[in-house]
Every structure is written in C-alpha cells, then in structure tokens.
Amino acid sequence: MKLYSMHSLLKFTLFSLALLYFCTKPVYSTSRRVLDQVKATQLGFRVTLKHVDHGSNYTKFERIQRGMNRSKFRVQRMNAMVLASDIGTYDVESKVHPGNGEFLMNVAIGTPPNQFSAIMDTGSDLVWTQCKPCEECFDQSTPIFDPSQSSTYSKMSCSNDLCQALPSSTCQDGCQYMYTYGDYSSTQGILATETFTFGGSDKVSVPNIGFGCGADNEGNGFNQGAGLIGLGRGPLSLVSQLGEPKFSYCLTSIDGSKTSTLLMGSLANANSTLSSSNSKANNVMTTPLLHNPSHPSFYYLNLEGISVGSTRLPIKKDLFALSEDGSVGMIIDSGTTITYLEESAFDQVKKAFTSQMNLPLDDSGSAGLDLCFKMAKDTKSMDVPKFVFHFKEADLDLPSENYMIGDSDMGILCLAMGKSSGMSIFGNVQQQNMMVVHDLAKDTLSFVPTQCDAL
C-alpha cells in the first residue's frame, strides 16, 4: 500500500474536521438530469465492457485468482464502511465505498470529446475522472482531461442538489468534494457538469452530467482506468442522473476473449432484453431489491436459502436478513470476482460439497480457494452437484461453470466461492452469461440466462 506524505495526511485530517460543521444532508430526487432534446423514456445506449485482464494470456483459473486478489481489498473496503458506520465515524471520515472494479468502459468527456477508460462500479455513486491541473495524479494511458479546453464544462454551485448529496463537501470557488475509500485512497477536486458521450457506432451524448473533476487522486486500485463511473443507487450515480432508472449488463465467461455489454436506460427494458434471440425468456427470474438507509448505494438481495444437489441446507431463515447497520445481508456486485457467503453458511456449503463430490480433498492451498478437490489431469468434464440460490420469488439454478472452476494441468477442481466475516456478496463469476437487469423504478433485479458473447 502507498505510504502517504505528512502533507496529504494533514490535508485529509483538516478536511475531515471541517465536516463537523455540516448538517445532515437532505434526500433529493434522483431523476432530474436528462437530455434536453430527448425525453427520459427515450434515453438509452449501449456500452462495451472489457474485463481488466482482457487480451491477456491468463488461464481461467489464473484470472479468477487475480480477480480474487483484487476483490480482497474491495471486500475489506465494504466491511470497513460497515464498521465506520457502526462506530459513528462514518460521517466524519466521509462515506467509504469499494472503489476499484473488474470491468472497464470507454467514455468520452467534454466538447470536443476526449476519450478515457473508466472503471464500472455498481458499488459506489460518484462519476469522476482526473483533471488538469493535477496536484497529485496517477499514470493513465490517455491524456488527462483539461476542462479549460472544453466549451461545455461548468463548475457546480454549492446550492446544487448533487453538491448537497455529496458525503463530504466544502464551498470555495464552487463545490469542492473529497471522496475517500476504505484504504484511504481518495479523489479530491471540484464537482462540475459536463457532456459525456457513450457508445460505439451509435453514440449518445448526454449534457450536464455531474462529475468529480479530480486534481488530487491518491492511493491504490484506480490505475486500471482514468476514473470511475458509479452505478450505485444514490443521486450522484450515472443511472440516477439519467432519469431512466434502469440498467443491465451481460458478462461473458471470464476465460473468454469476448467483450461484455452494458445497457443503460430504455435499452435495458425487460421486454427488449427478453426478446433477445439468445435469451431464454421462460427462465427469467425476478427478485425484489432491498433498501438499506445506512448504505443506500448498494443493491441488496433477499436470499432465503441455498441448495446443494437435492438438499436444501439447514441455514437459519434470518441468516441473510438485512440488518439495520448493514453488517448482515447480501449485495450483488459486478466488481467482486467470486461470491462470499457468511461464514456459517459457507461452512454448510463446504460440508455439503465435500460429502457429495466423489473426489479427494486438495488441502495444499495452492489455488487460494477455500474448497478444492483433486482430479485426474487432462479431465475434460466432471459431474458436480447442483447449486441453487433461493432468492425471494426467484430460485437461481447456476450452471456448473458459474461455481466450479478446474485446471486440468494442475489436476484440481475448486468451488469458486469464499467465506465472509461480514455481509455476503454475490460476485461476477456467478453472474456469467446472464443478463442482469436492475430496475430501480420497480425495485427489482432480474436474471435472464443469455449467451452474452452473442449480443
């Protein structure tokens, strides 16, 4: 982890102390910012997503291992957020968000448009990129955005609703923000509005998107891209600002070379998604989204139980029930690689697989996963027990490649899940080849089995 200078630590401390003078922020409508010339119901666009290891020569097993290493920091950030809230330091230190992610999207900002690659993050809200003049910036592959060269850039006033929605802000030559993460990585600068352009051949330009123009960006986890597109549930997120509270994504297999897809706004309508020629509409599963006022950015699911094989595990009914402080419950997150289950639930899953798999255990720990089995090298296929997540009103029967990962050269087969000491997280490996539709107007999430590389 990066060691920070005394100057940076002092600046962070002074900024945090200044927050003591601010009152609790009011709640604002999240559906105001739409295209001037297009009604909200008509706004929609498609964006290509690339996995951070896209184009590499890593095996599927190696990609999952690399993703797990990145996810460990992300999970720590999420749990740090819960702890900070629980001990009452949450408001002083600024809200803690996960920050980094696993998928990148190309975005253009300004007029004329400047291309940059941003991390897609369903676990946080703020949209931001690095801006000139930079006081502290990390290296990025594209030129740093220069707001003085854009005719559509405008600083945001302190009275703006989005400025009021920031977890930390001061008023000095516009709305100054500081957004910190669980490992004290941060972005700091001015909140502004700008035209963002999305999509490939069918580009869509959206004016007046509120974003962080970061001149001081410090810490680890961001250098996969040049900023971050927050797709959480709060008012600062892109999905909230578009005024069409729907989006969906379809993630291709982690071992493939194909890109994934993000659909925003009207293109993410369930009807258009289900009419896709490679979607199995009769297998659509829809479950309610839960709200947690303590952590409003996250997409919480109501997990009622788990089955392994033909056995429904004897997990206590309230084990995954959403707690007021967020320390218990399950969220769905595109930026976490594997699923993490509450420890006692994972122990039951582990016990069930151990008894039902006709393979010896591998306890070498070489894979970095909690449950692995030895198998003959060059094994092409293997029968494994079914795995079903029983969400409220939706039984999600996962295909085997979404929870078992093998390496024939190593002679090993592992469960692509782990245990958590805090909240449970439904990761992206379990979401492969499914259109995952977030409908914030209806407060639902739908899983549509889809061959994502054919979209």
Side-chain angles (χ1 to χ4, degrees), residues 60-61 64 68 251 253-255 280 282-287 301-321 329-330 332 336-365 367-408 410-420 424-434 436 445-450:
K60 181 177 182 178
F61 206 88
I64 288 182
M68 284 173 54
L251 307 179
S253 175
I254 197 170
D255 63 339
K280 302 172 184 177
N282 59 326
N283 292 331
V284 177
M285 291 143 287
T286 300
T287 185
L301 302 176
N302 190 344
L303 180 62
E304 297 181 330
I306 295 173
S307 291
V308 176
S310 59
T311 303
R312 181 144 178 170
L313 304 181
I315 297 174
K316 293 181 180 178
K317 189 175 180 64
D318 61 349
L319 188 62
F320 296 106
M330 170 172 272
I332 183 170
T336 301
T337 299
I338 64 171
T339 289
Y340 291 89
L341 297 172
E342 189 277 334
E343 188 170 3
S344 63
F346 179 80
D347 288 342
Q348 291 194 47
V349 170
K350 184 176 180 179
K351 181 179 179 181
F353 268 96
T354 301
S355 64
Q356 295 183 39
M357 291 287 293
N358 190 27
L359 290 173
L361 286 172
D362 180 281
D363 56 5
S364 65
L369 288 156
D370 289 293
L371 180 62
C372 292
F373 301 90
K374 296 176 182 178
M375 67 176 185
K377 292 187 176 183
D378 300 323
T379 299
K380 300 300 181 184
S381 62
M382 178 71 61
D383 290 332
V384 298
K386 290 178 60 177
F387 196 106
V388 182
F389 281 97
H390 299 287
F391 295 109
K392 184 178 179 63
E393 303 173 11
D395 293 331
L396 184 59
D397 187 349
L398 293 176
S400 59
E401 61 267 22
N402 283 27
Y403 60 94
M404 297 299 291
I405 173 67
D407 190 301
S408 57
M410 295 174 62
I412 196 170
L413 181 69
C414 299
L415 177 68
M417 296 184 193
K419 58 187 174 183
S420 170
S424 299
I425 303 170
F426 192 72
N428 64 55
V429 169
Q430 281 63 52
Q431 301 174 54
Q432 294 175 109
N433 286 316
M434 291 186 191
V436 183
L445 185 134
S446 298
F447 297 99
V448 188
T450 306

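Just so it is clear, the structure is predicted and the values come from calculations on it, not from any experiment. Position 1 is the first residue of the sequence, and the numbers go up from there.
Within the model, atoms CG of Asp363 and NZ of Lys374 stand 6.5 Å from one another, a figure rounded to the nearest 0.5 Å. The distance from atom CZ of Arg312 to atom OG of Ser307, rounded to the nearest 0.5 Å, is 5.5 Å. Here the NZ-CD distance, from Lys316 to Gln348, works out to 9.5 Å after rounding to the nearest 0.5 Å. The distance from the CZ atom of Phe61 to the CG atom of Leu413 is 8.5 Å, given to the nearest 0.5 Å. Taking CE of Met68 as the start and OG1 of Thr337 as the end, the distance is 8.5 Å to the nearest 0.5 Å. Summarising the geometry, atom CG belonging to Asp407 is positioned 8.0 Å from atom CD1 belonging to Ile412; distances are rounded to the nearest 0.5 Å.
No side-chain heavy atom of Val388 sits under 4.5 Å from any side-chain heavy atom of Leu398. Residues Leu319 and Ser344 form a side-chain contact, since some pair of their non-hydrogen atoms from C-beta on lies under 4.5 Å apart. A heavy-atom distance below 4.5 Å is not found between the side chains of Thr450 and Asn433. The side-chain heavy atoms of Ile338 and Phe426, taken from C-beta on, include no pair separated by under 4.5 Å. Using a 4.5 Å heavy-atom cutoff, the side chains of Ile405 and Leu369 are in contact. Residues Leu415 and Phe346 meet the side-chain proximity criterion, which asks for heavy atoms closer than 4.5 Å. When side chains are defined from C-beta on, Leu361 counts as touching Thr354, because their heavy atoms get closer than 4.5 Å. Inter-residue side-chain proximity for Met417 and Phe387 is flagged as met; some heavy-atom pair is nearer than 4.5 Å.
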Test side chain to side chain contact (heavy atoms under 4.5 Å, CB included) on Gln431 and Ile332; report intermediate values, then the result. CA-CA 9 Å; Gln431 301 174 54; Ile332 183 170; 3.6 Å; yes
Show your reasoning for whether side chain to side chain contact (heavy atoms under 4.5 Å, CB included) applies to Phe391 and Leu396. CA-CA 7 Å; Phe391 295 109; Leu396 184 59; 4.0 Å; yes
For Cys414 and Met404: C-alpha separation, side-chain torsions, deciding distance, then whether side chain to side chain contact (heavy atoms under 4.5 Å, CB included) applies. CA-CA 6 Å; Cys414 299; Met404 297 299 291; over 6 Å; no
Between Lys419 and Asp347, is the salt bridge (charged side-chain N to carboxylate O under 4.0 Å, His left out) condition met? List the steps. CA-CA 8 Å; Lys419 58 187 174 183; Asp347 288 342; 5.0 Å; no
Dump the intermediate steps for side chain to side chain contact (heavy atoms under 4.5 Å, CB included) on Leu251 and Val436, then the final yes or no. CA-CA 9 Å; Leu251 307 179; Val436 183; over 6 Å; no
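For CG of Asp383, the number of neighbouring non-hydrogen atoms (other residues, nucleotides, ligands) closer than 6.0 Å is 12 at most.
Leu371 pairs in a side-chain contact (heavy atoms from CB on, under 4.5 Å) with only one of the listed residues (Lys351, Lys350, Met357), which is Lys350.
In this structure a side-chain-to-backbone donor-acceptor pair under 3.5 Å is missing from Glu343 to Ser420. Checked by atom type and distance alone, the side chain of Asp255 never pairs as donor or acceptor with a backbone atom of Lys60 at under 3.5 Å.
When all heavy atoms of His390 and Asp395 are compared, the closest pair comes out as ND1-OD1, 2.9 Å. Between Glu342 and Ser424 the shortest heavy-atom distance is N-OG, 2.9 Å. Smallest separation of non-hydrogen atoms from Met375 and Leu359: CB-CD1, 4.3 Å. Closest non-hydrogen pair, Pro449 versus Asn283, comes out as CD-O, 3.7 Å. Heavy atoms only, all atoms of each residue included: Leu303 and Phe320 are closest at O-CB, 3.4 Å. Pro399 approaches Met434 most closely through the heavy-atom pair CD-CE, 4.2 Å.
For Asp397 and Lys386, the salt-bridge test passes: some basic side-chain N is under 4.0 Å from an acidic carboxylate O.
The closest side-chain donor-acceptor pair between Thr287 and Glu393, if any, does not fall under 3.5 angstrom.
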